[in-house]
Amino acid sequence: MSGRNPGTDLDLAWISRAQVNQPAVLRRAEQIQTRRTVKKDWQAAWLLRAVTCIDLTTLSGDDTPSNIHRLCFKAKRPIRDDLLQELKVEDLGITNGAVCVYPARVGDAVRALKEIGCNIPVASVATGFPAGQTPLKTRLEEVRLAVEDGASEIDIVINRTLALTGQWEALYKEIRLFRQACGDAHMKTILGIGELGSLTNVYRASLVAMMAGSDFIKTSTGKEGVNATYPVALVMARAIRDFYWKTGTKVGFKPAGGIRSAKEALVWLSLIKEELGDEWLNAQLFRIGASSLLGDIERQIYHHVTGRYAAHHDLPMA
């Protein structure tokens, strides 16, 4: 990832005067979705870039060490070697951005990646994921344990109650404590946008998270009714841009939840390019949280190379 975000003092004046023009956001989101997409070799190149930005994720109650091992092997070799050779990119070392698991599975992921000689990061959700409603002491201990087990990235969830009731100072203090508990691990802060009530709250929560030292802000847990949407992404991207202009600190962005198709991945890359610029189009500052997206991207790459769509047995399981 990029350099750490040191955070700033809480600026309640900036937060309180922030308002979002919802009709304008919706119009802009519609524009982005209707843009003509890239084709042929350009599309393949963009899809490969998307692959490198994926946090390959499993957050299921039936996760086992064998599932985690398979996930890690797929993260190391996300696209079949012969397809990469046909595209003449086999020497680029294309891997996923990270693997993302529950805290109890961090040790499994660290061991699996070590066994296969891969140094991609292990990310762990924490702080009472997905609701964030466990006691603060428990949430802090969960972060510390995940870091001790080898997680180098922590995806925390905020207490949405504090955002909904306008307790921005209390939210800021909680996130600062999580930041301290992370130590050297990078911290991604999940806003749970489907439960924040308004786009203005999304913008304000984004600012508070960045002021408190978040290295990334993330849309959702993937467990809410509403997850990563383009209007919300625009609001969060604008908050990142405003924070960068004011402080000079670049904060990353991670949409997560419901992103399943290669076509959607291209829209997300286009949105980031237009709103934040090329500097954000890499795994240091942009991640996509997904479990099934990689499979569709690999199918599209297969079609680009061979001229036909893959059968289920043609591609290894993620």
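For clarity, every value in this text was computed on a predicted model and none was experimentally measured. Throughout, numbering of the chain's residues begins at 1 and tracks the sequence.
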* Identify whether Leu140 and Val106 are in the same connected component of the hydrophobic contact network (ILVMFWY, side-chain heavy atoms under 4.5 Å). => yes
* To do: Decide yes or no for Arg260 and Asp296: does some side-chain heavy atom of the first lie under 4.5 Å from some side-chain heavy atom of the second?
  => no
* **Sub-4.5 Å side-chain heavy-atom contact between Phe286 and Phe216** => no
* Would you call Lys254 and Asp155 a salt bridge, using N to O less than 4.0 angstrom? -> yes
* To do: Check the pair Ile158 / Leu162 against side chain to side chain contact (heavy atoms under 4.5 Å, CB included), numbers first and verdict last.
  => CA-CA 8 Å; Ile158 68 167; Leu162 298 179; over 6 Å; no
* Asked: Would Phe243 and Lys250 count as a side chain to side chain contact (heavy atoms under 4.5 Å, CB included) if you check the C-alpha gap in whole Å, the side-chain angles of each, and the deciding distance to 0.1 Å?
  -> CA-CA 8 Å; Phe243 187 79; Lys250 295 176 182 176; over 6 Å; no
* To do: Would you kindly say whether Asn5 and His186 are connected by a side-chain donor-acceptor distance under 3.5 Å?
  => no
* Asked: Can you tell if the side chain of Phe129 reaches within under 4.5 Å of the side chain of Ile156, non-hydrogen atoms only?
  -> no
* Do the numbers put Lys173 on top of the ring of Trp168, so that NZ or CZ is under 6.0 Å from the six-membered ring centre and no more than 45° off the axis? -> no
* Flag if over 12 foreign heavy atoms under 6.0 Å of CD, Glu169 -> no
* **CD (Gln22) with more than 12 external heavy atoms under 6.0 Å** => no
* Does CZ belonging to Arg80 count more than 12 external heavy atoms closer than 6.0 Å? -> yes
* **Separation between CG of Asp11 and NZ of Lys246, rounded to the nearest 0.5 Å** => 4.5 Å
* **Nearest non-hydrogen partners of Ile301 and Ala44, listed with the distance** => CD1-O, 3.9 Å
* Asked: Closest approach of Leu269 and Ala50, non-hydrogen atoms and distance?
  -> CD1-CB, 3.9 Å
* To do: Would you mind reporting whether Ser291 and Thr58 have side-chain heavy atoms less than 4.5 Å apart?
  => no
* Check whether the side chains of Arg308 and Tyr302 place a donor and an acceptor atom closer than 3.5 Å, and report yes or no. => yes
* **Donor-acceptor contact present, side-chain Glu142 to main-chain Thr127, <3.5 Å** => yes
* Asked: Counting N and O atoms only, with roles assigned by atom type, does the side chain of Arg287 sit under 3.5 Å from a partner on the main chain of Ala283, one being a donor and the other an acceptor?
  -> yes
* **Shared hydrophobic cluster for Ile68 and Leu59 (ILVMFWY, side-chain gaps under 4.5 Å)** => no
* Side-chain (Arg179) to main-chain (Met187) donor-acceptor, under 3.5 angstrom -> no
* Asked: Step by step, would you call Ile175 with Ser214 a side chain to side chain contact (heavy atoms under 4.5 Å, CB included)?
  -> CA-CA 8 Å; Ile175 299 174; Ser214 302; 3.9 Å; yes
* To do: In plain terms, say whether Arg27 and Glu30 are close enough for a salt bridge, that is, a side-chain N and a carboxylate O under 4.0 Å apart.
  => no
* Donor-acceptor side-chain pairing of Thr221 and Glu224 below 3.5 angstrom -> yes
* Structure fact -> Interatomic distance, CD1@Ile297 vs CG@Leu294, rounded to 0.5 Å, equals 6.5 Å
* Take atom CD in Gln167; do more than 12 heavy atoms of anything else shown fall under 6.0 Å from it? -> yes
* Pairwise side-chain contact, Arg28 with Glu274, heavy-atom cut-off 4.5 Å (strictly under) -> yes
* **same_hphob_cluster(Val226, Ile217) at 4.5 Å side-chain heavy-atom cutoff** => yes
* What do the steps show when you test Leu87 against His304 for side chain to side chain contact (heavy atoms under 4.5 Å, CB included), and what is the final call? -> CA-CA 9 Å; Leu87 294 170; His304 175 75; 3.7 Å; yes
* Asked: Would a distance-only check, ignoring hydrogens and angles, find a side-chain to backbone donor-acceptor pair under 3.5 Å from Asp63 to Ser60?
  -> yes
* Asked: So do the side chains of Asp55 and Asn96 get within less than 4.5 Å of each other, counting heavy atoms only?
  -> no
* How long is the span from the CH2 atom in Trp245 to the CZ atom in Arg238, to the nearest 0.5 Å? -> 8.5 Å
* Smallest separation among heavy atoms of Ala75 and Ile120, with atom names -> CB-CD1, 3.5 Å
* Would you verify whether the NZ or CZ of Lys273 falls within 45 degrees of the ring axis of Trp280 while also being under 6.0 Å from that six-membered ring's centre? => no
* Asked: Under 3.5 Å, is there a donor-acceptor pair between the side chain of Arg139 and the main chain of Ala126?
  -> no
* Can you tell me how far the CZ atom of Arg144 sits from the SG atom of Cys182, to the nearest 0.5 Å? -> 10.0 Å
* CD1 of Ile193 to CZ of Arg160: how many Å apart, nearest 0.5 Å? -> 10.0 Å
* **Residue pair His69 / Ala112: nearest heavy atoms and the distance that separates them** => CD2-CB, 3.8 Å
* Flag, side chain of Asn227 to backbone of Gly222, donor-acceptor distance under 3.5 Å -> yes
* To do: With sequence neighbours excluded, tell me which residues meet side chain to side chain contact (heavy atoms under 4.5 Å, CB included) with Lys263.
  => Ser261
* **Joint cluster assignment, Leu164 & Leu191, ILVMFWY side-chain distance < 4.5 Å** => no
* Asked: Tell me, do Met210 and Thr189 make a side-chain contact under 4.5 Å, heavy atoms counted?
  -> no
* Flag the pair Lys188 and Glu153 as a salt bridge only when some basic side-chain nitrogen lies within less than 4.0 angstrom of an acidic carboxylate oxygen. => yes
* Asked: Is it true that atom CD of Gln43 has more than 12 heavy atoms of other residues, nucleotides or ligands lying nearer than 6.0 Å?
  -> yes
* **Glu174 and Leu136, any side-chain heavy atoms less than 4.5 Å apart** => yes
* Between Cys100 and Val125, which heavy-atom pair has the shortest distance, and what is it? -> SG-CG1, 4.0 Å
* Asked: Do side-chain atoms of Ser220 reach the backbone of Gly257 as a donor and acceptor pair under 3.5 angstrom?
  -> no
Ignoring hydrogens and angles, write down the donor-acceptor pairs under 3.5 Å from the side chains of residues 197-204, residues two or more places apart or on other chains.
residue	atom	partner	partner atom	Å
Ser198	OG	Asn201	N	3.1
Thr200	OG1	Val20	N	3.2
Asn201	ND2	Leu196	O	2.9
Tyr203	OH	Asp242	OD2	2.6
Arg204	NE	Ile15	O	3.0
Arg204	NE	Ala18	O	3.3
Arg204	NH2	Ser16	O	3.1
Arg204	NH2	Ala18	O	3.0

* To the nearest 0.5 Å, how far apart are CD in Glu264 and CD1 in Ile259? -> 7.0 Å
* **Gly252 versus Ile240, closest heavy-atom pair with distance** => O-CD1, 3.7 Å
* Asked: Any chain of hydrophobic side-chain contacts (each under 4.5 Å) joining Ile288 to Ile94?
  -> yes
* Going by the angle between their ring planes, with limits at 30° and 60°, are His303 and Tyr309 parallel, tilted or perpendicular? -> parallel
